[in-house]
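Read through the structure below, which is laid out as structure tokens, and then see the notes.
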Amino acid sequence: MIPALLGWRSRIAPLAVLVMLGGTMTAAGAHADEAGERIYRLGLLPSGEPLRAEREAGMGVEGAVAACVNCHRRSGLGMKEGRRTIPPIAGRYLFHPRAAAADELDLPYVEGMRADREPYTDETLARAIRTGIDADGRPLSYLMPHFQLDDAQMSSLIAYLRRLAPAEVPGVTPSALHFATIITPEADPAVAKGVIEVLEKFFDDKNHYTRAESPRLHSSRRMMFKVNRRWALNVWQLTGAPETWEAQLRAKLAATPVFAVISGVGGHSWAPVHHFCEAAELPCLFPNVDLPVDRESDFDTLYLSKGVLLEAQLLAQAIRDRQRAVPVSRVVQIFRAGDVGVEAAAALDKELHQSGLRVVNRSLGARATQSELRERVGQTGPGELLVLWLRAPDLAALALVPPHDVAAYMSGRMGGLEHAPLPAAWRAATHMSYPFNLPDRRRVQMDYPLGWFRMRQIPIVAEQAQTDTYLVCAIVSETINHMVDTFVRDYLVERVEEMLEHRLVTGYYPRLALAPGQRFASKGGYIVHFTDSAGTRVSAEGDWTVPLESASEK
Amino acid sequence: MTCRAYCYVTVLMTFGLATQAATQPTISTVNYAVPAISLVRQDGGRVSLAREMDDGRPVVLNFIFTSCSSICPLMSQVFADFQRQLGTDSARVHLMSISTDPEQDSPARLRAYAKQFGARAGWNQYTGTLAQSQSAQRAFDVYRGDKMSHAPVTLMRIAPSQPWLRIDGFASPAELLRQYRLLLATE
């Protein structure tokens with residue numbers, strides 16, 4: 001990567017042309033000056049001491065809060081917060097020669113970039129970082145702190161800035177934008193097929209529009225906008241045990257570099273895929289998984305929701321509320337080994353344990369028969385509370401009548417939401433976590449995706465997963481339009497974080513929103529029960545609720 | 001905005017001559033109707049906004065969210081420094097920060113955030129539902145459609161019967177202190 005230092009400043013052509021084939025997976029962090037990176041991302045000096053700075057009016061700031069990454073972002077391309085623009089500081093945007101207008105530069109467009117400024121030198125850049133005076137001698141914004149860095153620390157930071165935002169972007173060529181979608185062997189094959197069909201149709205549409213409708217646009221000078229690129233979809237079907245997936249993914253990425261991973265379908269384990277994307281610094285946008293990895297310090301994977309972990313929080317809150325009104329002798333959780341109910345039950349156990357409730361976990365073998373299931377459920381006594389982390393076939397096999405004087409709670413996501421095949425006698429008595437917008441409230445929201453599926457003759461086999469997939473395609477497409485050919489992987493994630501809240505079509509969710517550091521776009525849900533003894537009508541037992549505390553924060 | 005009907009606005013520019021680039025804040029005096037909503041305080045308590053504001057102390061109010069990386073940290077730092085500069089008076093002024101991202105900002109997150117800035121007793125943070133937060137933002141005319149579009153606004157009121165002093169733009173801790181003392185003197 002060191003030679004790239006020169007590459008930055010070379011004036012070969014717009015990034016669009018530069019970005020051929022980047023064989024090597026960048027992992028900018030792996031190559032960059034580590035001391036500079038620690039200052040930039042963590043606000044830590046090589047000694048382990050916190051980075052210190054002074055703000056306007058003598059206010060001190062230090063450590064993580066002072067780190068450059070907060071405002072200038074991991075990409076170094078800055079950000080837009082409302083009407084405020086934080087300028088890009090990736091080296092190319094600092095050291096370029098003065099130009100009358102942005103389109104005279106060989107730089108991909110980024111909001112807040114300044115063309116008509118003296119190129120920074122190491123000296124003027126150090127002055128800007130220490131005293132807030134730019135290359136033209138003018139003061140920077142009051143938001144920019146004045147950093148206390150000695151010469152060695154300064155030069156490692158500047159070296160890092162020079163290396164930020166690599167010119168080579170794997171998966172982006174002048175004619176194509178490569179994406180992958182990841183299907184694990186645990187994925188339900190019918191769901192996977194439905195999801196892939198949505199992706200393929202969306203990519204088809206995208207490519208038709210690109211070819212037929214949109215002429216190549218470029219400015220009168222050198223900078224090009226909206227170069228037509230075909231969207232190419234690679235389906236990465238994994239095989240074998242989860243321990244082998246990361247190696248498989250590394251091989252697939254090396255063979256076919258992609259710009260980002262989009263959607264995808266998992267089963268019980270998604271963590272290996274999550275860790276792979278994190279290690280490869282490869283955006284993984286909104287996979288269809290019931291059990292995401294709950295680590296907000298990670299960057300590359302964004303999820304639409306916390307899945308069953310969110311349901312555990314919703315159920316914990318509902319059960320705590322019930323406990324205040326009715327004595328609960330103990331909580332009995334039923335789940336199958338090898339499914340996401342294991343982790344969901346553990347999360348709920350932890351939440352309820354903190355509230356002083358006794359919890360018993362009854363795990364069923366992955367192959368246990370349905371009479372064994374009925375037996376476990378039947379062992380529940382009066383005053384107890386039953387939590388079912390079960391899929392539809394198990395729900396359908398429950399005894400016709402629930403145990404006497406036992407309140408039942410269940411995961412809507414696992415059980416099939418309003419289509420959950422609960423026996424009639426269970427329906428009114430079972431409280432279901434419903435981490436989506438209610439069916440009658442999302443009807444208008446759903447008109448667009450459902451119409452889109454109908455017109456393209458896409459069979460609906462998994463409405464929620466397919467709608468989520470459609471939504472993700474639309475989000476990525478919109479975001480990439482806004483990126484105007486500035487293909488930087490981190491920047492894709494950052495722009496999604498910033499823009500998501502503006503979406504009006506949000507499918508199954510009442511609202512989607514992210515921000516720097518947020519990894520789950522929809523954050524709440526309902527508790528519902530069936531309204532009638534048959535059919536799909538459900539009644540909410542309260543308002544949309546965002547669980548106040550989560551175990552992960554403690 | 002609801003408040004506008006009975007707003008009288010006196011706009012005067014301050015010439016705080018804070019060292020450099022910060023654009024000078026615009027100061028106005030406005031009457032706002034405090035909406036009848038409940039919020040959740042950082043300690044988990046469910047509280048009435050009006051009662052929190054009418055606890056007898058002067059109130060200094062801002063709107064922040066904990067994932068905000070540019071302007072909120074600065075505003076929170078101003079609150080922290082203002083509180084320190086108040087010295088022994090700090091417990092007699094009620095600093096309030098209402099989250100504009102309540103679905104993310106749980107009480108636990110607010111507590112961690114406040115701790116990061118060294119908040120002392122007397123500075124409370126509030127969350128709630130999205131509707132409650134938006135209602136508070138609208139009432140004080142700071143709602144801009146989404147959390148990313150917020151602008152720095154600080155509001156100050158010396159007593160429940162008094163109008164609000166509204167500071168649009170960056171106000172340094174010293175400037176806040178000056179405005180607070182002016183209000184206190186004119187009361």
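Protein chains get the first letters and strands the later ones, always in sequence-line order, with residue 1 at the start of each.
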With only heavy atoms counted, which part of B/Pro173 is less than 4.5 Å from chain A, the side chain, the backbone, both or neither?
side chain
Can you tell me which portion of B/Leu130 sits under 4.5 Å from chain A's heavy atoms? Options are side chain, backbone, both or neither.
side chain
Got a second to check how far A/Asn70's CG is from B/Cys72's SG, nearest 0.5 Å?
11.5 Å
Approximate separation, where rounding is to 0.5 Å, of B/Ser106 OG and A/Gln313 CD
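One finds 9.5 Å between OG of B/Ser106 and CD of A/Gln313.
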Check whether [X] gets within reach of chain B through its side chain, its backbone, both or neither, counting any heavy atom under 4.5 Å.
{"X": "A/Glu296", "value": "side chain"}
{"X": "A/Met79", "value": "side chain"}
{"X": "A/Val61", "value": "both"}
{"X": "A/Arg138", "value": "neither"}

Kindly check if the number of other-residue, nucleotide or ligand heavy atoms within 6.0 Å of CZ (A/Arg295) is above 12?
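Result for CZ/A/Arg295: open.
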Is the count of non-hydrogen atoms from other residues, nucleotides or ligands lying under 6.0 Å from B/Asp55 atom CG greater than 12?
yes
Pick from A/Asp543, A/Val69, A/Leu143: which one has the most heavy-atom pairs with chain B under 4.5 Å?
A/Leu143
Against chain B, work out which of A/His502, A/Glu498, A/Met144 has the most heavy-atom pairs shorter than 4.5 Å and name it.
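Top count of heavy-atom pairs under 4.5 Å with chain B: A/His502.
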Can you find a heavy atom in the side chain of [X] that is under 4.5 Å from one in the side chain of [Y]?
{"X": "A/Tyr142", "Y": "B/Leu74", "result": "yes"}
{"X": "B/Gln104", "Y": "A/Val546", "result": "no"}
{"X": "A/Arg55", "Y": "B/Ser172", "result": "no"}
{"X": "B/Asp101", "Y": "A/Gln518", "result": "yes"}
{"X": "B/Glu103", "Y": "A/Phe520", "result": "no"}

So, for B/Ser69 and A/Cys71, which heavy atoms are closest and what is the spacing to 0.1 Å?
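For B/Ser69 versus A/Cys71, the nearest heavy atoms are O-SG, 3.5 Å.
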